[in-house]
**Student:** 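Below is one structure. I have some questions about it.
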Amino acid sequence: MSGFSADWLDLRGPADDVARSKDLARAFARALKPGAKIVDLGAGTGAMGRWLRPFLPKRCTILSIDGDAMLLSRAKAPRLRRSLAGRLPPADAYVSTALIDLVSAAWLRKFLKAARGKPVLMCLAVDGRHELTPVHGADIAIFAAFAKHQRRWKGLGQALGPLAPAALVAEARRRGWHAASARSDWDLKSGALLDATFAGIVEAAGLPAPRAKRARLIVGHRDVLLIPRRYPRTGRLA
Ligand SMILES: C[S@@+](CC[C@H](N)C(=O)[O-])C[C@H]1O[C@@H](n2cnc3c(N)ncnc32)[C@H](O)[C@@H]1O
């Protein structure tokens, strides 16, 4: 068990699918050869692979890896139960959704060493922006406490939280990738995902929930694409 339930991943899946940048996915796919082996890190139930598949060249395979056997059992084969703390399986390219804000700067450096020379597409990393409508006086304290929670240890060192997308871009450029990023915000209107997301934020913040019905919540995310500089031109990055 990872603390991420299949119900939560099912609830957020449609919002993730709308939010991911299709421009970055196309640019990622242009960098791949037919038959490329892609590894989806922290794949959960395999949602990223299902979304990405139509963009990919022919015969590409996506190996879902995750530490949570229950979630992984819902992903299509091929799949591999493995902790991301250990060695990553070899691949022609790496992808993830909603993972890199959980990892530390040290994990990111180790990953970039292992992924050297490979295209990488890391989607849906939180960037710290939240816009709630209507606003309530208690919101500032809640989001401040939540930001601290996002930087806590999540199993792979002190989590980067909202620093993750900028940290990945900066570190990857230093190591020889072209890096592009695009907004992949959730724009949630009243409904189950808005309620569950805000309830999770309030719980993580450890503060009382304000009595207010919210109509809209924007959660800022970014997708990050890395293409090795030595790659032949693959067209626009995004
Ligand atoms: C926020 S969920 C995202 C799941 C999936 N990518 C999606 O978008 O539906 C993060 C995933 O990372 C996995 N994960 C987190 N830390 C891990 C670790 N140290 N080793 C293996 N998997 C890990 C969790 O089990 C979970 O499935």
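This chain uses plain numbering: 1 for the first residue, then up along the sequence. One-based numbering, in listed order, for ligands and for the atoms of each. The basis for the numbers below is simple: all heavy atoms, side chains too, and nothing from hydrogens, waters or symmetry mates.
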**Student:** With heavy-atom distances below 4.0 Å as the criterion, list the atoms of ligand 1 near Asp68.
**Tutor:**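 Listed by number with element: 25 (O).
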
**Student:** Determine, stepwise, if the pair Asp40 / Ser64 fulfils side chain to side chain donor-acceptor pair (under 3.5 Å).
**Tutor:** CA-CA 5 Å; Asp40 182 5; Ser64 296; 4.7 Å; no

**Student:** Which ligand 1 atoms are under 4.0 Å away from a heavy-atom of Leu71?
**Tutor:** 27 (O)

**Student:** Output all residues satisfying ring pair (Phe, Tyr, Trp, His ring centres under 6.0 Å) with Phe55, sequence neighbours left out; order by chain, then residue number.
**Tutor:**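 With neighbours one apart ignored, the set is Trp51.
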
**Student:** Should Arg82 be listed as contacting ligand 1, given a heavy-atom distance under 4.0 Å as the test?
**Tutor:** yes

**Student:** With rounding to the nearest 0.5 angstrom, report the CD1 to NZ distance, Ile227 to Lys118.
**Tutor:**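 The NZ atom of Lys118 is 13.5 Å from CD1 of Ile227, to the nearest 0.5 Å.
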
**Student:** Between Leu99 and Gly42, what is the shortest heavy-atom contact and its length?
**Tutor:** CD1-CA, 4.3 Å

**Student:** If only side-chain N and O atoms count, and only distance matters, is there a donor-acceptor pair under 3.5 Å linking Arg20 with Thr97?
**Tutor:** yes

**Student:** Quick check: closest heavy atoms across Tyr94 and Pro89, and the distance to 0.1 Å?
**Tutor:** OH-O, 2.7 Å

**Student:** Which atoms of ligand 1 are found less than 4.0 Å from any heavy atom of Gly67?
**Tutor:** 21 (C), 22 (N)

**Student:** Quick one: look at Leu9 and ligand 1, take heavy-atom pairs under 4.0 Å, and tell me if it's side chain, backbone, both or neither.
**Tutor:**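 Leu9 to ligand 1: side-chain contact only, backbone stays beyond 4.0 Å.
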
**Student:** Salt bridge or not between Asp195 and Lys213? Use side-chain N to carboxylate O under 4.0 Å.
**Tutor:** yes

**Student:** Is it the case that the side chain of Asp66 and the backbone of Ala43 share a donor-acceptor pair, with hydrogens and angles ignored and the cut-off at 3.5 Å?
**Tutor:** yes

**Student:** Any nitrogen or oxygen of Thr97, side chain or backbone, less than 3.5 Å from one on ligand 1?
**Tutor:**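 There is such a contact, yes.
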
**Student:** How does Ala43 reach ligand 1, if at all, at less than 4.0 Å between non-hydrogen atoms: by side chain, backbone, both, or neither?
**Tutor:**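 Looking at Ala43 and ligand 1, just backbone atoms fall under 4.0 Å.
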
**Student:** Please work out whether any backbone atom (N, CA, C, O) or any side-chain heavy atom from C-beta onward of Leu99 is under 4.0 Å from ligand 1, and answer side chain, backbone, both or neither.
**Tutor:** side chain

**Student:** Just distances here: any N/O of Leu84 and N/O of ligand 1 closer than 3.5 Å?
**Tutor:**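 Leu84 vs ligand 1: N/O contact under 3.5 Å present.
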
**Student:** Below the 3.5 angstrom mark, is there an N/O of Ala47, backbone or side chain, next to an N/O of ligand 1?
**Tutor:** no

**Student:** With heavy atoms under 4.0 Å as the rule, classify the contact between Leu156 and ligand 1 as side chain, backbone, both or neither.
**Tutor:** side chain

